[in-house]
Amino acid sequence: MDKERVAEILVEIGILLEIKGENPFKTRAYVNAARMLENLNESLEKVVDENRLGDLKGIGDALQQKITELVQTGKLEYYDKLKASLPPGLLEMLNIPGVGPKKIKALFEKLGISDVEKLEAACKEGKVAVLDGFGEKTQAKILEGIHLRRNYSSRHLYSKALIVSEPILETLRGHPDVIRSSTAGSLRRCKEIVGDIDFLVSSKNPSSVIDFFTCQPGIISVSAKGETKASVILEGGIQADMRVVTDSEFPFALAYFTGSKEHNIVMRQRAIQRGLRLNEYGLFRSEQETRDPALLLQCRTEEEIFAALDLPYIAPELREDQGEFAAAESNGLKRLIEWTELKGSLHNHSNWSDGRQSLEELAAHVHELGLDYWAVTDHSKSSVQARGLTAARVVAQIPEILRVNKSYEDEGSDFRLLTGTEVDILSDGRLDFENELLAQLDVVVASIHQGFTQSEEETTRRLIRAAENPYVHILGHLTGRLLLERESYKVNQRAVIDACAATGTWIELNASPYRFDMDWRLWSYARSKGVKCVINCDAHRQEHVGYLRLGTNIARKGGLSKSDVINTLPLPALRIELKKKRAKF
Ligand code: DGT
Ligand code: CA
Ligand code: CA
Ligand code: ZN
């Protein structure tokens, strides 16, 4: 058993003893011993084997025996018995902000409260407020804490985590005690859904950084706070973990806490194959688990860690053990796309259908941001709920777009709106508009907006039929999923990708953080078939231009480079590409 787990168990024993009303000196001894182990600079196993536990400050005979039993057998009878002597719901009550061992003891002894449900009921009946040492305020706070825990969920959109983490990271960077700082975990890997946010900081003064972190605005409760780590709940119910390490440990801790677990396992195996040991503290010249600074291989950056394991730098987005090692070994890691390489978006809406802005407003906004083009692809007539355009309205929109473009041409600007449609794919795979109309438009996106309950065969057939249409450039949001809200319809995505490869149809990476559709896991297959990606905002209001950055991060996660993504092309080259499929038929 490793020392982190041993330390956790010691802390838990301290808490259980406190709930039982044990002498505070005894309970504190367990917490102090846990601290000591966490800061131990060598392998705990080694210390136990060499019978040196007694040399450590504050670890008496009783604790020595317990730690030895834990390390050697992975179990501790004393702990198991202690746990069994109390109702299991008591420990769970610790998760409620403002409820500690002393309060739990009082609630249990005086009101027989042994779990969160009973506590909630007692609060609602006003029984908690009248207890000695509680009061109305405390009772209200406990109730609020219970609701918070309930709403707290462990699945959050990437965009939500990014929005709450960036200001905190920015503030941390400005703190004089912070040397290096980064997010880690799934957020740094750009997962579409994250469980919690992980922050990592290097500092010579960890407790000052922890104090500073735990009083940031936007933090609604502090769930745990130690010398070098803390966990908090941020607004919106998202948890954030913070760890502070020394600056020499920083690259190792960053790699370790960025993960993924699966990626880390392969990294550790590579270290072992080279007679080394890799952990969160360093890369050591050792055959065994160690933290001995004398054995440390100096690496100042993650790049140097990869190099020490004979690998090129692997971007965090790729660290899922989904082929990144094989690609690295065969020189197959290409430079990933950057969002500043995008020149525009080819799927967007205006106030002609369900978008917010007019053609002029959209053009002015995206031109100001430095983009080169912006396709207006409003909904087609079958999407009634989205105020889909009739064929006549589409025809009427074309001269309006040309009129806006004329004003840019007159100013000597190369910026252009492109004409287009997001045409519905009907239930049988036919399109909502005739080919004669589609042929007049610069950009045709075809998407499914209804008939989600068809069988996998039917839906797959429908999409393939759309791809076979000579005028369809792009299949939009391929699976129709809405993250954390709606499952995708059933579809054989590989079969659709094959059809796109055969017909020269592009596939959208819908950059809306609710969609990120097609999923990043399929892009390496699409790329291997030569199918191009288009990173589209599907903007319904001008602020959605920012989705380009989010979508690009997901494209990076899918391993895509600039040359895989159509909308990195400048307008003249894009226009040539837009004509190619039509010319083939
Ligand atoms: P999440 O938060 O569920 O979206 O996913 P992650 O990947 O951020 O996971 P988290 O926050 O539990 O831990 C952050 C990283 O720390 C994880 O990606 C790898 C590393 N890590 C955590 N626990 C373990 C472990 O037990 N073994 C190994 N090898 N790595 C771990
Ligand atoms: Ca995490
Ligand atoms: Ca975490
Ligand atoms: Zn759509």
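As the structure lists them, so they are numbered: ligands from 1, and atoms in each ligand from 1.
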Item to check | Close approach of Lys191 to ligand 1, heavy atoms, under 4.0 angstrom | outcome: no

Checklist outcome for this item: A student comparing Asn264, Asp198, Leu187, Asn279 should find that the heavy atom closest to atom 10 (P) of ligand 1 comes from Asp198

Checklist entry - Between Arg243 and Phe257, is NZ or CZ placed under 6.0 angstrom from the six-membered ring centre and within 45° of the ring axis? => result yes

Next on the checklist: One pair to check against ring pair (Phe, Tyr, Trp, His ring centres under 6.0 Å): Tyr313 and Phe306. What are the steps and the verdict?
Outcome noted: CA-CA 6 Å; Tyr313 179 69; Phe306 284 113; 5.8 Å; yes

Checklist entry - Have His263 and Asp321 got a donor and an acceptor in their side chains that come within less than 3.5 Å? => result no

Checklist entry - Do any heavy atoms of Thr258 fall under 4.0 Å from ligand 1? => result yes

Next on the checklist: In this structure, does ligand 1 have an atom that sits under 4.0 Å from one of the heavy atoms of Arg189?
Outcome noted: yes

Checklist entry - Looking at Arg291, Lys3, Arg52, which one forms a side-chain hydrogen bond (donor to acceptor under 3.5 Å, both in side chains) with Glu42? => result Arg52

Next on the checklist: Is there a polar contact between ligand 1 and Ile193, counting only N or O atoms under 3.5 Å apart?
Outcome noted: no

Please list every donor-acceptor pair under 3.5 Å in which a side-chain atom of residues 77-89 meets a protein atom from a residue at least two apart or in another chain.
| unit_1 | atom_1 | unit_2 | atom_2 | d |
| --- | --- | --- | --- | --- |
| Glu77 | OE2 | Lys81 | NZ | 3.2 |
| Tyr79 | OH | Glu12 | OE2 | 2.7 |
| Tyr79 | OH | Lys83 | NZ | 3.4 |
| Ser85 | OG | Lys20 | NZ | 2.9 |
| Ser85 | OG | Leu82 | O | 2.6 |

Checklist entry - Leaving waters out, which protein N, O or S atoms fall under 3.0 Å from the Ca ion (ligand 3)? => result Asp196 OD1, Asp196 OD2, Asp198 OD1, Asp241 OD2

Checklist entry - Do side-chain atoms of Glu341 reach the backbone of Glu338 as a donor and acceptor pair under 3.5 angstrom? => result yes

Checklist entry - Atom CD1 in Ile59, atom CG in Leu10: separation rounded to 0.5 Å? => result 8.0 Å

Checklist entry - Does any N/O atom on Ser260 come nearer than 3.5 Å to any N/O atom on ligand 1? => result no

Checklist entry - Can you tell me if His477 and Glu508 form a side-chain donor-acceptor pair at under 3.5 Å? => result no

Next on the checklist: How far is atom 28 (C) of ligand 1 from the closest protein heavy atom, and which atom is that?
Outcome noted: Lys261 CG, 3.5 Å

Item to check | Check: Phe213 ring centroid to His175 ring centroid under 6.0 Å | outcome: no

